[in-house]
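Each remark here refers to the structure printed beneath this line.
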Amino acid sequence: INMTLYFANHQITIFRRRRKGSSHRYGMSATFTAYSADIQPATDQRTEFVAGRFGATFTGFIDATVDIKEGDYVQTEDGKRYAVKGVQVWQGAGLLDHIELTLTSQDA
């Protein structure tokens, strides 16, 4: 049984900054895997904690096995883009394993 702590309401693709060949130039490239995620508006307290803008800061939840890092970007199936500002892994301690993300909307 694959129980989840959250309701997956989006499919996201992760983009990571990667070096282009042997040059000193970087570009964003997709991981080409879609992951189920739950993205919700962040609480006022969390928004203030990360010095975010109200209405532009979101909390995301994904499976604990996903390779995601601060500085990555995620894009939802409907084209919305978010910068990953925080990654907190929750494992053990009676919790269902998951990753909690702090996301900032890049869509204005």
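Reckoned from all heavy atoms, side chains included, excluding hydrogens, waters and symmetry mates.
Partners of Thr13 by side chain to side chain donor-acceptor pair (under 3.5 Å), not counting sequence neighbours: none found. Residues satisfying the salt bridge (charged side-chain N to carboxylate O under 4.0 Å, His left out) criterion with Lys85, sequence neighbours excluded, are absent altogether. Here Tyr73 pairs with nothing under the ring pair (Phe, Tyr, Trp, His ring centres under 6.0 Å) rule; sequence neighbours left out. Applying the salt bridge (charged side-chain N to carboxylate O under 4.0 Å, His left out) test to Arg46 and every residue at least two apart in sequence or in another chain returns Glu100. Scored by the salt bridge (charged side-chain N to carboxylate O under 4.0 Å, His left out) test, Asp44 finds no partners at all (sequence neighbours excluded). Applying the side chain to side chain contact (heavy atoms under 4.5 Å, CB included) rule to Gln11 yields the partners Ala34, Ser36, Glu77; only residues at least two apart in sequence or on another chain are considered. Applying the side chain to side chain donor-acceptor pair (under 3.5 Å) test to Glu48 and every residue at least two apart in sequence or in another chain returns nothing. With sequence neighbours excluded, the residues forming a side chain to side chain donor-acceptor pair (under 3.5 Å) with Thr76 are Asp78, listed by chain and number. Gln40 pairs by the side chain to side chain donor-acceptor pair (under 3.5 Å) definition with Asp38, not counting sequence neighbours.
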Q: Would you please test Arg81 and Asp107 for side chain to side chain contact (heavy atoms under 4.5 Å, CB included) and show each step?
A: CA-CA 6 Å; Arg81 288 175 34 96; Asp107 300 319; 4.2 Å; yes
Q: With side chain to side chain contact (heavy atoms under 4.5 Å, CB included) as the test, would you mind laying out the steps for Thr102 and Glu70 before giving the verdict?
A: CA-CA 9 Å; Thr102 300; Glu70 288 183 23; over 6 Å; no
Q: Evaluate the side chain to side chain contact (heavy atoms under 4.5 Å, CB included) criterion for residues Ile12 and Ile39: first the C-alpha distance (whole Å), next the side-chain angles of each, then the deciding distance (0.1 Å), finally the verdict.
A: CA-CA 10 Å; Ile12 61 167; Ile39 299 174; 4.0 Å; yes
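Using a 4.5 Å cut-off on side-chain heavy atoms (C-beta onward), Ile62 and His98 make no contact. Inter-residue side-chain proximity for Thr59 and Thr43 is flagged as unmet; no heavy-atom pair is nearer than 4.5 Å. Between Ile14 and Thr33 the shortest side-chain heavy-atom distance does not fall below 4.5 Å.
Residue Phe54 belongs to no hydrophobic cluster, having no ILVMFWY side-chain heavy atom closer than 4.5 Å to its own.
Phe58 CZ to Ser105 OG: the interatomic distance, rounded to the nearest 0.5 Å, is 5.5 Å. Atom CG of Leu101 and atom CD of Gln88 lie 10.5 Å apart (nearest 0.5 Å). In this structure, OH on Tyr82 lies 14.0 Å from CZ on Phe15, to the nearest 0.5 angstrom. Atom OH of residue Tyr35 and atom CD1 of residue Ile99 lie 9.5 Å apart, to the nearest 0.5 angstrom. Atom NZ of Lys80 sits about 13.0 Å away from atom CG of Leu103, to the nearest 0.5 Å.
With a 6.0 Å radius and a threshold of 12 heavy atoms from other residues, nucleotides or ligands, Arg25 has its CZ atom at or below the threshold.
A distance-only check finds no donor-acceptor pair linking the side chain of Asp72 to the backbone of Ala83 [under 3.5 Å]. Between the side chain of Gln91 and the backbone N or O of Val89 there is no donor-acceptor pair closer than 3.5 Å.
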